[in-house]
Amino acid sequence: MTLIKDRRGAGPLLTRRTFGLLAGAGAASLALPSYLRAQDKPRVVVIGGGAGGATAARYLAKDSDGALDVTLINNTETYTTCFFSNIYLGGYRDLQSITHGYDALVSQYGINKVTGTAVAIDRDAKTVRLEDGTDIAYDRLVVAPGIDIIYDSIAGYSEEAAETAPHAWKGGPQTEILKTRLDALEDGQNVVMVTPPNPYRCPPGPYERVSMMAHVLKAKGYTQSKIFVLDPKETFSKQALFQEGWETHYPGMVEWYGPDVIGEIAGVEVAAGAVETGFDTFEGALLNIIPAQRAGAIAIQADLVNETGFCPIDAASMKSSADENIYVIGDASIAGDMPKSGFSANSQAKVAAMNIRAELTGSNAFPARYANTCWSLIETDDGVKVGAQYEPAEGKITATSTFVSQPGETAELRKETYEESVVWYDSMIADTFGITV
């Protein structure tokens with residue numbers, strides 16, 4: 001396969017044709033012998049209908065050619081992507097364009113879609129219990145619950161406080177709250193963002209969000225408002241690229257402070273619109289508080305996590321280290337060098353699906369290959385990216401090649417990078433939900 005290279009060597013330019021090859025190099029589609037199709041179908045249940053879970057369900061159903069009984073459990077009828085939610089925040093997309101349904105998975109692939117909340121996994125009985133008391137049996141289980149917010153990791157913050165000071169780190173209502181609050185700001189009113197400690201979903205995400213907030217304020221002609229970024233980390237993803245972009249596009253508007261300046265995040269007073277740090281208090285009409293994170297609650301209930309709050313897995317298959325009948329994919333997993341991202345989850349889902357098919361139907365399994373790219377928009381047509389290819393090595397998922405945009409790139413190249421991200425999004429949705437955007 002020949003891939004188009006960008007002019008600075010920062011990874012392959014993405015097209016619809018190459019997306020599936022990059023994201024799922026370890027997941028070949030295999031026809032099954034007719035005698036396997038005649039047998040009773042093994043049952044595979046998938047918890048979580050996001051980039052990981054929906055992809056896993058689709059590939060399990062599609063590539064087993066009907067030999068598996070696949071059930072997908074998700075607590076909502078539709079899924080709003082976290083990836084591209086910052087683009088929505090910046091006004092480049094509407095909410096409908098990042099919200100997708102499961103109809104194609106049901107009608108085209110025969111997947112059983114269950115709308116409900118999985119509250120317990122009985123690993124001995126191999127059943128999943130829903131909030132309404134229903135039990136669903138499985139032979140193999142895919143756990144893809146994403147992340148949960150650890151509200152009390154910041155003193156004074158809570159799920160109730162998030163209705164006023166949104167984290168917006170899960171797509172949907174929180175995303176809408178943040179946009180409404182941002183659009184209501186007047187010139188001279190400030191934004192205070194608290195970014196999360198590692199590990200967390202979408203490492204460049206907070207800083208793209210800062211860029212999109214600044215874009216909105218700049219587009220309104222605001223000159224007095226500031227965005228204060230309070231960071232518990234000494235460095236962050238694509239730091240040189242974001243800081244170059246902020247200085248270029250939003251001079252004087254964005255102020256980033258790391259722990260050497262602010263000390264610790266001491267607490268938040270939502271009613272007062274204030275964040276207290278070890279050395280100062282920052283006030284804003286809009287507080288965007290993004291706390292620490294852990295694997296979704298169902299993974300914790302099932303005792304699939306370790307002391308980090310996330311789930312260790314086998315790097316060659318995405319199988320849980322705690323249970324040979326369970327696979328954990330996406331943000332809930334400890335995936336070595338891979339970041340917690342939608343692209344990562346999609347890639348991991350294909351490896352897990354391939355291995356589950358091999359176990360349950362006798363189809364072939366191939367060595368795992370993973371891929372990820374994270375795109376970020378800094379200002380209109382100013383897109384940057386970072387990514388890598390990965391393989392299992394020495395017990396973990398290890399990067400074998402990496403690429404990243406560079407400071408000082410041409411406007412033409414940055415525009416191409418943003419356009420590439422749009423192609424990726426559309427391809428990702430088609431690959432995950434079986435629909436054309």
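Along the sequence shown, residues are numbered consecutively beginning with 1.
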If we count only N and O atoms by modelled type, under 3.5 Å, do the side chains of His167 and Tyr157 hold a donor and an acceptor together? no
Please examine the side chains of Leu89 and Val216, heavy atoms only from C-beta on, and report whether any two atoms are closer than 4.5 Å. no
In this structure, CD1 of Ile87 is separated from CH2 of Trp375 (nearest 0.5 Å) by 12.0 Å
Of the options Gln293, Arg294, Arg201, which is the one that meets Asp331 in a side-chain hydrogen bond (donor to acceptor under 3.5 Å, both in side chains)? Arg201
Any Gln174 side-chain heavy atom under 4.5 Å of Ile177 side chain: yes
Do the ring planes of Phe84 and Tyr425 sit parallel (below 30°), tilted (30 to 60°) or perpendicular (above 60°)? parallel
Output the distance between atom CD (Gln189) and atom CZ (Arg181), rounded to the nearest 0.5 Å. 9.0 Å
Of all heavy-atom pairs linking Val305 and Cys311, the shortest is CG1-SG, 3.7 Å
Hey, what do you get for CG (Asn355) to NZ (Lys319), rounding to the nearest 0.5 Å? 7.5 Å
Heavy atoms, side chains only, cut-off 4.5 Å: are Met213 and Leu178 in contact? yes
Chi angles and distances behind the side chain to side chain donor-acceptor pair (under 3.5 Å) call for Tyr102, Asn74: CA-CA 10 Å; Tyr102 301 96; Asn74 194 63; 3.2 Å; yes
Check whether Asp382 reaches the backbone of Arg414 with its side chain - one donor and one acceptor, N or O, closer than 3.5 Å. no
Nearest heavy-atom neighbours spanning Gly49 and Ala54: O-CB, 3.8 Å
Output the distance between atom OG1 (Thr417) and atom CG (Leu377), rounded to the nearest 0.5 Å. 10.5 Å
Would you call Arg58 and Asp431 a salt bridge, taking side-chain N to carboxylate O under 4.0 Å as the test? yes
Please report the closest heavy-atom contact between Tyr207 and Trp246, naming both atoms and the distance. O-CZ2, 3.7 Å
Min side-chain heavy-atom separation Ile397-Pro392 under 4.5 Å: no
Distance (rounded to the nearest 0.5 Å) between Lys385 NZ and Glu416 CD: 9.5 Å
Please check: side-chain N/O of Ser347 versus main-chain N/O of Phe343, any donor-acceptor pairing under 3.5 Å? no
Run the numbers on Asp280 and Phe282 for side-chain contact (heavy atoms from CB on, under 4.5 Å), then give the verdict. CA-CA 7 Å; Asp280 205 349; Phe282 293 82; 4.0 Å; yes
Surrounding NZ of Lys220 (heavy atoms of other residues, nucleotides or ligands, distance under 6.0 Å), is the total greater than 12? yes
Does atom CD of Glu419 have more than 12 heavy-atom neighbours from other groups under 6.0 Å away? yes
So, does Tyr370 use its side chain to make a donor-acceptor pair with the main chain of Ala315 at under 3.5 Å? yes
Quiz item: cation-pi between Lys62 and Tyr59, 6.0 Å / 45°: yes
Which one of Val46, Val128, Thr115 satisfies the side chain to side chain contact (heavy atoms under 4.5 Å, CB included) criterion with Ile73? Val128
May I ask you to check whether over 12 heavy atoms, not counting those of Glu324, lie within 6.0 Å of atom CD? no
Is the backbone of Pro203 close enough, under 3.5 Å, to the side chain of Tyr200 for a donor and an acceptor to pair up by distance? yes
Heavy atoms of Ser211 and Tyr250 approach each other most closely as O-OH, 3.4 Å
For Thr195 and Asp231, does a side-chain donor sit closer than 3.5 Å to a side-chain acceptor? yes
Atom CH2 of Trp169 and atom SG of Cys82: how far apart are they, to the nearest 0.5 Å? 8.0 Å
Could you walk me through whether Trp256 and Phe236 pass the ring pair (Phe, Tyr, Trp, His ring centres under 6.0 Å) check? CA-CA 11 Å; Trp256 176 82; Phe236 59 85; 5.4 Å; yes
For the pair Lys340 (side chain) and Ser333 (backbone), establish whether a donor and an acceptor sit closer than 3.5 Å, ignoring hydrogens and angles. yes
Verify side-chain contact (heavy atoms from CB on, under 4.5 Å) between Val384 and Glu208, making sure each step is shown before the conclusion. CA-CA 10 Å; Val384 295; Glu208 181 187 47; over 6 Å; no
Quick check: closest heavy atoms across Ala299 and Val143, and the distance to 0.1 Å? CB-CG1, 4.4 Å
Could you tell me whether a side-chain N or O of Gln301 sits under 3.5 Å from a main-chain N or O of Ile121, the two making a donor and an acceptor? yes
Tell me, with the steps shown, if Leu182 and Leu286 meet side-chain contact (heavy atoms from CB on, under 4.5 Å). CA-CA 7 Å; Leu182 175 65; Leu286 171 57; 4.1 Å; yes
Quick one: does Arg209's side chain have a donor or acceptor within less than 3.5 Å of a partner on Met193's backbone? no
Pairwise side-chain contact, Ser341 with Phe83, heavy-atom cut-off 4.5 Å (strictly under): no
Looking at Asp103, I want to see if its CG is surrounded by more than 12 non-hydrogen atoms of other residues, nucleotides or ligands under 6.0 Å. no
Looking at Thr175 and Ser85, would you say the former's side chain and the latter's main chain have a donor-acceptor pair under 3.5 Å? no
Assign the ring pair Tyr92 / His215 to parallel, tilted or perpendicular, where the plane angle (0 to 90°) is split at 30° and 60°. parallel
Do Leu141 and Asn325 have side chains that get closer than 4.5 Å, going by heavy atoms? no
Sub-3.5 Å donor-acceptor pair from the side chain of Ser225 to the main-chain atoms of Gly188, do we have one? yes
Could you give me the CA-CA distance, side-chain angles and deciding distance for Asp122 and Arg129, then say whether side-chain contact (heavy atoms from CB on, under 4.5 Å) is met? CA-CA 8 Å; Asp122 185 329; Arg129 173 153 294 184; over 6 Å; no
Test item: Gln406 side-chain N/O and Val404 main-chain N/O as donor-acceptor pair under 3.5 Å: yes
Side chains of Ile334 and Asn306: does their closest heavy-atom pair fall under 4.5 Å? yes
Which atom pair, heavy atoms only, marks the closest approach of Asp381 to Tyr418? OD1-CD2, 3.9 Å
Less than 4.5 Å apart, side chain to side chain, heavy atoms only: is that true for Glu159 and Ile149? no
For Asp135 and Thr127, which I'm curious about, is there any donor-acceptor pair between the side chains at under 3.5 Å? no
